[in-house]
Amino acid sequence: MVKQATKALLIKPGELMLKGDNRKYFEKILKDNIKSVLKNICTYDFSEESGRYYIVIQESSFTEYEIASMLCKVFGIVGVSITYRIDADEKGLYDFIALLSRQVYDKTPFTTFRVTTKRADKTFPTQSTEVSKRAGGSILSTIPDLQVDLFTPQIIFNIEIRKKNIYIYHEELKANGGIPVGSSGKALLMLSGGIDSPIAGYMMAKRGLLLEAVYFHSEPYTSEKAKEKVIDLAKIIKPYTLINKLHIVHFTKPQLEIYEKCPHDELTIIMRRVMMHIANEIAIKNNCQGIVTGESLGQVASQTIESLTVTDEAAQFLVLRPLIGMDKNEIIDLARKIDTFETSILPYEDCCTIFVAKHPKTKPILSRIKESEKALDIDKLVRYCIENLEVIQI
Ligand code: ATP
Ligand code: MG
């Protein structure tokens, strides 16, 4: 069977993005993103027909299934199937599907099935319902115990008839949809080692934003392990976000200065504003059009509507907070799904959790905070941090 059939991955882009005037633009970015994933893991042949992409793997140390799973992480794709490609020959099709059904049955016995045919090439002489019937007959003659069930079959054999080839498959790996990363511009993700910010990055990448990340590190108060954890998190979200740069801000000097010179119940809010000032500069230098954070309303003192308003005043960009209305449990579910959770809960300090007041202000007033900030030379602190930036390629 393997001799007459070539395995090919069939990629289905999301339907929505294929409509409208921007179709070509989205498609080009999606194809580039797919190719950037594939280039590190295999050599391959890429083709497309009617808005679907077909990939024949030539050489790789990964299996087709593993490669399909990796492609499922690329936003803009709704599903990936491992198909068998044969010549567009009707008799060959029925012979092949009989062999395939036998192989599937021997591996995991099933009792009901259906055949679904899509005849994209209308010059193919037999209509799709008739092809399905004949293919079903061929399967039944090989395994007579089976039953056809049109509505709730255990297995669906899909047949796609194209000009030169016919593709047959019975499994589809579900992907995450979304729109291709890069099609909505670029933003700077404030990535801490916590549960929330990697998920915020995931969610904005799903809406097409390409990300760079910034992490504020306060050695020796935050350890090397805390930094490594953030680098690990960036690596885990890379297949989804295509993130390739992590800016590390050495933040000890501003933090100590804030601690020395500002009222302690305002430490958190002033620190977050200084972080924003630094993020602004990094965003400008790297052509980002927005800043992404993992804040969600009401989680902690710094995430009240008053605190977020005062933090935003320091931002020169739109601050995107995709988790704003989510419960912690919902965020954790996503963190488990994309595999960041176990890393996020490793117990290393974040700079936001050192130097915190017992009773931080939950309803800061902008004018009062600005008054307190007069004790600092924020421009100088920002310059210092930008000059001492460390950049890590992910
Ligand atoms: P997370 O789980 O993402 O750490 P959190 O619930 O701990 O969030 P905060 O500590 O108030 O909440 O941080 C809110 C957001 O500020 C984070 O989601 C992240 O976007 C940003 N942030 C906090 N600490 C840092 C840091 N050390 N470096 C970069 N960004 C940070
Ligand atoms: Mg945190």
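For the single chain, residues carry numbers from 1 onward in sequence order. Read the numbers this way: they start at 1 and go in the same order the structure lists the ligands and their atoms.
Residue contacts with ligand 1, taken as heavy atom pairs separated by less than 4.0 Å, do not involve L189 at all. When heavy-atom distances to ligand 1 are checked against a 4.0 Å cut-off, V230 has no atom that comes that close, whether in backbone or side chain.
Residue I195 has at least one heavy-atom neighbour below 4.0 Å for each of these atoms of ligand 1: 2 (O). Remark: ligand 1 atoms within the under-4.0 Å shell around heavy atoms of V214 are 29 (C). Listed by atom number, the atoms of ligand 1 under 4.0 Å from M275 heavy atoms are 24 (N), 25 (C), 26 (C). Near G194, meaning under 4.0 Å from any of its heavy atoms, are these atoms of ligand 1: 1 (P), 2 (O), 4 (O). The atoms of ligand 1 that sit less than 4.0 Å from any heavy atom of Y215 are 27 (N), 28 (N), 29 (C).
When the shell of 6.0 Å around NZ of K380 is examined, it contains 12 or fewer heavy atoms from other residues, nucleotides or ligands. Surrounding CZ of R368 are at most 12 heavy atoms belonging to other residues, nucleotides or ligands under 6.0 Å away. Under a cut-off of 6.0 angstrom, the local environment of NZ in K133 is sparse, with at most 12 non-hydrogen atoms contributed by other residues, nucleotides or ligands.
Within the 4.0 Å heavy-atom shell around ligand 1 one does not find H217.
Defined by atom type and a distance below 3.5 Å, a donor-acceptor pair is missing between the side-chain atoms of Y259 and Q255. Inspection of the K245 and N286 side chains reveals an N or O donor paired with an N or O acceptor under 3.5 Å.
Contacts classified as ring pair (Phe, Tyr, Trp, His ring centres under 6.0 Å) and involving residues 217-237 (residues at least two apart or in different chains) are given here: Y215-H217, Y221-F355.
Taking the side-chain contact (heavy atoms from CB on, under 4.5 Å) definition, one finds that S128 meets it with T117, R119, sequence neighbours left out.
Counting only non-hydrogen atoms, the option in M190, R272, M276 that gets closest to atom 15 (C) of ligand 1 is R272. Among G193, G294, P198, the residue whose heavy atom lies nearest to atom 18 (O) of ligand 1 is G294.
Of the N or O atoms in T293, none lie within a sub-3.5 Å distance of an N or O in ligand 1. By the 3.5 Å distance cut-off applied to N or O atoms, S197 is counted among the residues near ligand 1.
R272 has a carboxylate O that lies under 4.0 Å from a charged side-chain N of E295, or vice versa, which qualifies the two as a salt bridge.
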